[in-house]
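Each remark here refers to the structure printed beneath this line.
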Amino acid sequence: MLLTIDVGNTNTVLGVFRGDLLMANWRLTTAREQTVDEYGVLTRNLFSLAGLDRDAIGGVIISSVVPPVNWTLGEMARKYLGKKALFVEPGVKTGMAVLVDNPLEVGADRIVNGVAAFAEYGGPCIVVDFGTAITFDAISAKGEYLGGSIAPGLGISSEALFSRAARLPRVELKDPGKVIGTNTVTHIQAGLYYGAVDMVDGMLARMKAELAAKAGEVEIPVVATGGQAKLVARGSRHIRHTDEFLTLKGLRLIWDKNPDLVKTLVAESRALTPAMPSAKTDAKKESH
């Protein structure tokens, strides 16, 4: 089995694959202060609750936009799973050319999303990821990463409003059903929700026009992922596909694209200090 980890600024998502089947997944808060052992105990408990044997994990692949946690997660994989983690970084084959001014500036998760979207929908296509920021990424007909845009996420936009306007109450982010609200709560909900939907649709319309100018009049699918993907997609004129596990699927695909690197990691993992015993191992020892 393969453990995939997507580390974002707000959330960290873990998924366990057996082949191309996602067996289990969890969404956690990204905690920069968390220690190796805290992540290890948490991962072990999650595996136990899902009925998964962590000794069956054959590899770990990580996409991270939060450098301070990289060492911690790498050590967690070594100490608790006995595996050397593969980080998506320069030198790792993705099968996707990155056609921007400085490829090193592009977040690993955006490339991973592009790989998954192109594999699923072909190109050209657009990925919208609703995280701390809302990222828009354009993929060409040849599967090249062309670039994109970054806008403030719904969470930080609403937080800025609530923190700067003392008399405005915090509200649930939802579709109030109409743009013209009749009380303060629905006024705020309408502004946040329809403002986000129309911003996203406006950006997508412009991106589709630019892609069409290069690719001609072709269907350009848009896939959304991230925390508010389904919420915004319900009001969007352009988003037709949502996939909350798009990044995890992309990580699995990239793992499969690097057989030589995986072989090296497996060999290096065998030379590591053995992983801490699992609950099953402890139970066997006690029975004897």
Side-chain angles (χ1 to χ4, degrees), residues 1-66 68-88 92 108-109 112-113 116 131 225-227 243-256 258 261-288:
M1 293 191 294
L2 175 67
L3 173 61
T4 58
I5 304 177
D6 170 34
V7 184
N9 288 297
T10 303
N11 294 127
T12 295
V13 183
L14 294 82
V16 175
F17 285 89
R18 178 177 283 127
D20 59 1
L21 177 63
L22 182 62
M23 302 291 294
N25 65 89
W26 307 275
R27 182 177 292 270
L28 314 173
T29 299
T30 299
R32 292 165 173 77
E33 310 80 20
Q34 201 116 293
T35 67
V36 171
D37 291 324
E38 285 171 332
Y39 269 116
V41 170
L42 178 58
T43 302
R44 182 177 66 184
N45 290 343
L46 291 172
F47 275 42
S48 178
L49 288 170
L52 297 174
D53 180 6
R54 65 191 175 98
D55 292 337
I57 294 295
V60 180
I61 182 168
I62 300 173
S63 165
S64 171
V65 295
V66 188
V69 305
N70 291 0
W71 180 86
T72 304
L73 289 174
E75 278 297 290
M76 181 277 292
R78 179 196 67 77
K79 184 174 180 180
Y80 284 84
L81 300 173
K83 297 292 179 286
K84 186 171 182 179
L86 172 62
F87 283 86
V88 179
V92 173
D109 56 332
V112 173
N113 285 342
T225 189
D243 188 343
E244 62 180 313
F245 305 123
L246 188 71
T247 314
L248 299 184
K249 292 175 181 178
L251 286 170
R252 182 191 65 78
L253 290 170
I254 290 174
W255 178 267
D256 291 341
N258 289 271
L261 192 51
V262 167
K263 280 183 182 178
T264 300
L265 288 173
V266 170
E268 291 176 352
S269 295
R270 292 195 185 108
L272 294 175
T273 304
M276 295 185 69
S278 66
K280 284 187 177 181
T281 305
D282 291 340
K284 285 179 182 178
K285 286 182 178 178
E286 290 176 6
S287 66
H288 291 297

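What you are looking at is a predicted structure, and each value in this text was computed from that prediction instead of being measured.
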*Mind checking side-chain hydrogen bond (donor to acceptor under 3.5 Å, both in side chains) for Asn258 and listing every partner two or more places apart, or none if nothing turns up?*
none
*Nearest heavy-atom neighbours spanning Ser269 and Gly82*: CB-O, 3.6 Å
_Min side-chain heavy-atom separation Gln34-Val69 under 4.5 Å_ = no
*Taking the side chain as every heavy atom from C-beta outward, state whether Asn25 and Phe245 have any pair of such atoms under 4.5 Å apart.*
yes
*Report the residues that fulfil side chain to side chain contact (heavy atoms under 4.5 Å, CB included) with Ala24, sequence neighbours left out, ordered by chain and then residue number.*
Trp26, Ala50, Leu52
*asked:* Tell me the closest heavy-atom pair linking Val88 and Ala108, and the distance in Å.
replied: O-CB, 3.7 Å
*Listed by chain and number, what are the side chain to side chain contact (heavy atoms under 4.5 Å, CB included) partners of Thr35, not counting sequence neighbours?*
Asp37, Glu38
*Would you give the length of the straight line joining atom CG of Leu81 to atom CE of Met76, rounded to the nearest 0.5 angstrom?*
5.5 Å
*Take Tyr39 and Leu73, measure what side chain to side chain contact (heavy atoms under 4.5 Å, CB included) needs, and give me the verdict at the end.*
CA-CA 7 Å; Tyr39 269 116; Leu73 289 174; 3.9 Å; yes
*For Glu75, salt bridge (Lys or Arg N to Asp or Glu O under 4.0 Å) partners two or more places apart*: Arg78
_Residue pair Val36, Lys79: steps toward the side chain to side chain contact (heavy atoms under 4.5 Å, CB included) verdict_ = CA-CA 8 Å; Val36 171; Lys79 184 174 180 180; 4.2 Å; yes
*asked:* Taking side-chain hydrogen bond (donor to acceptor under 3.5 Å, both in side chains) as the definition, give me every residue that meets it alongside Thr225, ordered by chain and number, with sequence neighbours left out.
replied: none
*Working to the nearest 0.5 Å, report the span between CG of Leu248 and OG of Ser63.*
9.5 Å
*asked:* With rounding to the nearest 0.5 angstrom, report the NZ to CZ distance, Lys83 to Arg54.
replied: 10.5 Å
_Distance in Å, Ile61 CD1 paired with Trp255 CH2, rounded so as to fall on 0.5 Å steps_ = 6.5 Å
*Mind checking the OG1-CG spacing from Thr247 to Asp109? Nearest 0.5 Å is all I need.*
6.5 Å
*Say you draw a straight line from OG of Ser64 to CG of Asn70; how long is it, rounded to the nearest 0.5 Å?*
3.5 Å
Below 3.5 Å, can you tabulate the donor-acceptor pairs from side chains in residues 1-22 to any protein atom, sequence neighbours excluded?
residue : atom : partner : partner atom : Å
Thr4    : OG1  : Gly15   : O            : 3.0
Thr10   : OG1  : Thr132  : OG1          : 2.4
Asn11   : ND2  : Leu28   : O            : 3.3
Thr12   : OG1  : Thr30   : OG1          : 2.8

